[in-house]
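A short write-up of the structure that comes next.
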There are 2 protein chains.
Amino acid sequence: MRTRRQATLASLAAELGVSRTTVSNAYNRPDQLSPELRHRVLETARKLGYPGPDPVARSLRTRKAGAIGLLLTENLSYAFRDPAALGVLEGLALACEDAGVGVQLLPARPGTSDVAGVHRAGVDGFVVYSVPDDDPHLLAVLQRPVPTVIIDQPVLPEIDRVGPDDAAAITTLAYHLIELGHREIGVLCMRLSRERRDGFVSLARQREAHYHVQRTRLIALAEAFETVGVDWSTVPVVERFEHTLDDGASAARQLLDANPQVTALICTSDILALGALAEAQRRSLRVPADLTVTGFDGIDAAEHAGLTTVSQSVREKGRSAGELLLDPTRRTNAGPPSAQVITLETELWTGKTSAPPRTAEQHWFGP
Amino acid sequence: MRTRRQATLASLAAELGVSRTTVSNAYNRPDQLSPELRHRVLETARKLGYPGPDPVARSLRTRKAGAIGLLLTENLSYAFRDPAALGVLEGLALACEDAGVGVQLLPARPGTSDVAGVHRAGVDGFVVYSVPDDDPHLLAVLQRPVPTVIIDQPVLPEIDRVGPDDAAAITTLAYHLIELGHREIGVLCMRLSRERRDGFVSLARQREAHYHVQRTRLIALAEAFETVGVDWSTVPVVERFEHTLDDGASAARQLLDANPQVTALICTSDILALGALAEAQRRSLRVPADLTVTGFDGIDAAEHAGLTTVSQSVREKGRSAGELLLDPTRRTNAGPPSAQVITLETELWTGKTSAPPRTAEQHWFGP
DNA sequence: GTAGGGAACGTTAACGGTTCAGAAGACCAT
DNA sequence: ATGGTCTTCTGAACCGTTAACGTTCCCTAC
């Protein structure tokens with residue numbers, strides 16, 4: 001320990017009068033040398049303070065780093081507070097733990113286009129989650145000659161992808177509301193670009209959103225409601241850059257202040273929806289009698305609150321991504337294996353926060 | 001991309017008819033070569049599909065991996081659900097992000113003594129959090145010739161440590177209860193060893209607990225209460241292996257069933273305390289009138305619930321550890337810098353869950 | 001005319017391992 | 001004596017880069 005970095009495999013071999021190969025074998029292939037010699041090697045190593053083969057040198061030679069990189073350009077503080085992101089992280093970590101590889105959180109500050117962190121990461125593959133389509137870090141990852149799995153991102157040629165069918169999932173939710181009779185709706189969504197732009201969202205901005213998931217959901221919602229005669233250009237959509245309960249509440253406030261006629265608030269995440277519920281309570285709006293509120297994700301808190309939402313197993317998402325990346329049966333034969341696209345199940349949870357609108361109720365069930 | 005791993009710095013150099021150094025400089029020291037040549041190098045690289053210098057080879061040469069390892073032998077599923085652990089992770093990640101280095105979650109399955117993951121990790125240092133004193137992974141980390149910072153672990157010679165003064169902190173809490181008049185207390189604590197052993201804890205087991213934090217708190221509590229004449233051997237202590245609200249509730253139930261005379265429940269974590277509150281409610285015990293409950297950590301949920309607890313900034317804990325590990329002003333000159341021990345502030349939050357016991361109240365304020 | 005100095009690029013020597021094809025010797029059967 | 005098979009260990013070739021100096025060349029100043 002004193003002698004910083006003195007003992008090396010070669011010096012140990014010299015000390016013992018054996019070859020480097022033998023020392024290496026003592027650590028990696030005990031069956032390749034006699035037990036006595038092996039014991040002698042290990043003993044001398046201890047005496048000399050040799051800590052065992054250097055991991056980096058080994059990685060260089062074996063071309064295995066024993067870790068995968070996770071790209072997450074969301075502000076870390078929020079990522080660690082967002083149950084959905086945590087679920088993905090947990091699932092991924094579990095899959096990696098099973099395979100004995102580490103998970104490296106890449107250093108990638110949200111606003112920055114400094115991708116050195118991606119270039120410097122000694123990893124065997126990447127998982128990319130929740131980044132805008134045009135993120136420079138994502139581009140840098142795709143440049144690297146290692147397998148990559150993207151989660152909740154647009155399908156890319158030759159790149160594995162894991163995620164739910166967002167369009168189908170939210171369409172189911174939309175029809176749930178349509179059948180209840182809602183036509184005056186409002187939407188609360190998460191950030192649509194890397195720049196903060198809180199407030200009402202133009203149609204063009206919806207179409208050009210850089211976050212795949214948000215864009216997909218908005219477009220699918222528009223399609224569903226236009227089918228039943230709603231003019232989407234009149235539907236208020238409010239965006240929030242941050243993703244907290246408070247932001248959900250303030251977005252709901254902004255939307256309802258300007259559009260009191262709205263009977264249903266569709267939120268693209270449970271967090272936003274739970275925030276909206278809080279705002280509804282503050283306004284003394286009864287849910288679902290006066291206002292229907294829906295979420296997306298199916299986090300524990302949503303279930304607890306009885307929120308109507310679309311549930312997806314975020315843990316499964318992370319786990320699938322990890323297993324896909326680490327699956328040894330792939331990447332074996334030459335040539336890139338055809339990219340795999342895994343579509344995860346979603347389920348509509350009909351909770352206590354959705355009901356027919358007051359007018360529709362009267363229309364349908366009234367005298 | 002097709003030609004898996006063909007282009008290398010050397011082949012590029014050959015193709016261009018320049019030296020390897022020049023190619024290397026094109027990437028790492030643009031000022032060391034003419035802009036034209038640099039452009040030509042980068043252009044040819046693009047054409048040949050050379051993805052830039054290999055991170056592992058670079059790490060070997062520069063002796064910098066650009067990442068630190070985080071050892072967390074807690075079951076990952078629980079670590080990612082525990083607000084305290086998440087706070088540490090967040091603080092650490094932020095500090096590392098600022099420094100442009102990654103955080104690698106080491107593969108270390110809780111029960112296992114397979115420390116290969118620790119040996120194989122190419123990292124510049126380690127942070128160890130929440131592991132038992134005798135964890136084989138911790139031992140393996142200490143073997144590695146890289147700087148290490150331990151959090152909430154017993155002080156080790158020559159090893160940096162970050163953490164609160166647990167003994168002092170909980171002693172303050174103890175005297176708060178003592179001054180309120182509590183003498184019949186019970187304790188709920190987290191796991192004391194790697195083996196699951198839910199239930200009442202013997203005195204010996206308290207003394208021999210392998211989790212530093214738990215042991216320290218128990219011992220400090222014992223000292224404080226013995227000072228005022230309480231015979232600690234009569235104080236019921238209930239242990240739970242898992243760390244959830246439900247476990248807190250069941251521990252409280254177990255303790256109160258056997259010891260109905262208890263007037264105060266001291267919990268070594270907020271999660272356990274919040275669970276205990278739920279159990280108190282189920283029993284129709286009024287808190288704090290019938291039962292005082294205290295926690296430890298000061299997580300958001302505790303503040304929200306008005307819990308009497310000791311608050312510590314877990315985020316600061318992670319951040320300090322990261323900064324300590326990455327501080328470039330240390331490790332410069334030869335010789336190991338004397339180990340640093342950073343003691344973080346704690347604060348007693350007197351919430352709405354602590355009050356004088358019924359009997360004492362009568363005794364002190366009654367007629 | 002030459003000393004001095006910087007810009008631009010090259011040479012050499014690690015960095016610390018793993019791997020594969022043997023070599024040397026021992027043991028055994030023919 | 002021959003050949004075959006094990007076991008045990010070695011030699012040399014990589015893995016892909018960067019650090020520390022050198023070298024060359026051109027330009028300027030005195």
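So that the names make sense, note that chain A is the first sequence line, chain B the second, and so on, each numbered from 1. Atom set for the values below is all heavy atoms of this structure, side chains included, hydrogens, waters and symmetry mates excluded.
- The stretch residues 13-23 of chain A touches DNA chain C through A/R20, A/T21, each having a heavy atom under 4.0 angstrom from the strand.
- Looking at residues two or more places apart in sequence or on another chain, you find no salt bridge (charged side-chain N to carboxylate O under 4.0 Å, His left out) involving B/R29.
- Here D/dT17 is the nucleotide among D/dC9, D/dT17, C/dT18 with the atom lying nearest to any side-chain atom of B/P53.
- For A/Y27, the ring pair (Phe, Tyr, Trp, His ring centres under 6.0 Å) partners two or more places apart in sequence, or in a different chain, are A/Y50.
- Judged as a salt bridge (charged side-chain N to carboxylate O under 4.0 Å, His left out), and not counting sequence neighbours, the contacts of B/E90 are A/R81, B/R315.
- Listed by chain and residue number, A/R319, A/E323 satisfy the side-chain contact (heavy atoms from CB on, under 4.5 Å) test with A/A95 (two or more places apart in sequence, or in another chain).
- Residues satisfying the salt bridge (charged side-chain N to carboxylate O under 4.0 Å, His left out) criterion with A/R194, sequence neighbours excluded, are A/D134.
- Using a 4.5 Å cut-off on side-chain heavy atoms (C-beta onward), B/L105 and A/L105 make contact.
- Taking only side-chain atoms of A/S24, from C-beta outward, the nucleotide of C/dA8, D/dT17, C/dT19 with the closest atom is C/dT19.
- Among the nucleotides D/dG16, C/dC9, D/dA19, the one closest to any side-chain atom of B/R29 is D/dA19.
- Note on B/T62: every side-chain N or O is 4.0 Å or more away from OP1 and OP2 of C/dC15.
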Output a table of nitrogen or oxygen pairs between the protein and nucleotides 26-28 of chain C separated by less than 3.5 Å.
none

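- Five base pairs at each end of the helix from C/dG1-D/dC30 to C/dT30-D/dA1 define two local axes, and these are offset by 50° (rounded to 10°).
- Set against C/dT18, C/dC15, C/dC9, the side chain of B/S34 has C/dC9 as its closest nucleotide.
- Residue pairs meeting the side chain to side chain donor-acceptor pair (under 3.5 Å) criterion with at least one member in residues 104-126 of chain B, sequence neighbours excluded, do not occur.
- With sequence neighbours excluded, the residues satisfying salt bridge (charged side-chain N to carboxylate O under 4.0 Å, His left out) with B/D152 are B/K317.
- A/Q32 meets the side chain to side chain donor-acceptor pair (under 3.5 Å) test with no other residue; sequence neighbours excluded.
- Applying the side chain to side chain donor-acceptor pair (under 3.5 Å) test to every pair with at least one member in residues 12-22 of chain A, sequence neighbours left out, gives these pairs: A/S19-A/T22.
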